Amino acid sequence: MKALFPGSFNPFTKGHADIVERALKLFDEVVVGIGVNAAKRAPSQEEVQAHERLKAYYKDNPKVQVTEYSCLTVDLCQNLGINVIVRGVRSMKDFEYERQMADVNRKLTGVETVVLFADPAYESLSSSLVREIAAYGRDISTFII
């Protein structure tokens with residue numbers, strides 16, 4: 001089975017590699033998708049560098065493919081023959097959000113979602129916390145490996 005791990009603009013947030021590693025124990029292949037929206041704005045230099053580092057990080061692992069996408073996640077799944085979406089969470093608040101999104105995805109598209117908890121060492125760095133910090137224009141570089 002092939003899984004999609006849709007990454008964020010900065011795929012090197014702490015816990016990212018842990019989720020990919022754990023997903024490889026469940027699935028034959030993991031596609032790490034980096035969402036880009038070139039129609040909205042060009043990627044920043046930091047985003048381009050982060051994407052290149054991610055590609056370099058996984059280049060020697062034939063079970064991990066890194067791709068950029070600007071379509072709906074379900075379209076990417078269909079185009080690449082992906083069976084399931086993998087989401088990583090660091091807190092129960094994030095888990096509840098992802099569970100609700102999984103229900104919606106399944107109803108609308110038929111694509112299942114598997115939610116994995118990151119290593120407990122990353123629990124304090126919840127995705128919702130990162131979003132809240134970013135919303136206030138704060139520097140989130142402390143979340144980067």
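Positions are given from 1 along the sequence. Below, all heavy atoms of this structure are taken into account, side chains as well, without hydrogens, waters or symmetry copies. All values reported here derive from a predicted model rather than from experimental measurement.
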Problem set entry | All pairs passing salt bridge (charged side-chain N to carboxylate O under 4.0 Å, His left out) where residues 72-81 contributes a residue, at least two apart | none
Exercise. Gln100: what forms a side-chain hydrogen bond (donor to acceptor under 3.5 Å, both in side chains) with it, not counting sequence neighbours?
Worked result: Glu96
Exercise. Is the side chain of Asn83 donor-acceptor paired with the backbone N or O of Lys2 at a distance under 3.5 Å, no angle test?
Worked result: yes
Exercise. Looking only at heavy atoms, what is the nearest atom pair of Ala17 and Tyr58, with distance?
Worked result: CA-OH, 3.7 Å
Exercise. What's the shortest heavy-atom distance between Tyr69 and Pro6, and which atoms?
Worked result: OH-CB, 3.4 Å
Exercise. Shortest non-hydrogen contact from Leu76 to Ile82?
Worked result: O-CD1, 4.4 Å
Seminar exercise, completed: In short, Phe27 meets Met1 closest at the heavy-atom pair CB-O, 3.6 Å
Exercise. Partners of Glu112 by side-chain hydrogen bond (donor to acceptor under 3.5 Å, both in side chains), sequence neighbours excluded?
Worked result: Arg106
For this session: Look at Lys107 together with Asp103 and state whether they make a salt bridge at an N to O cut-off of under 4.0 Å.
Result: no
Problem set entry | Spacing of Ile85 atom CD1 and Glu98 atom CD [to the nearest 0.5 Å] | 9.5 Å
For this session: Can you see which heavy atom on Phe5 is nearest to which on Val86, and at what distance?
Result: CD1-O, 3.1 Å
For this session: Mind checking the OG1-NE2 spacing from Thr67 to His51? Nearest 0.5 Å is all I need.
Result: 11.0 Å
Exercise. What heavy-atom pair brings Leu26 and Leu116 nearest, and what distance separates the two atoms?
Worked result: CD1-CD2, 3.9 Å
Seminar exercise, completed: Here the gap from Arg87 atom CZ to Leu4 atom CG, rounded to the nearest 0.5 Å, amounts to 8.5 Å
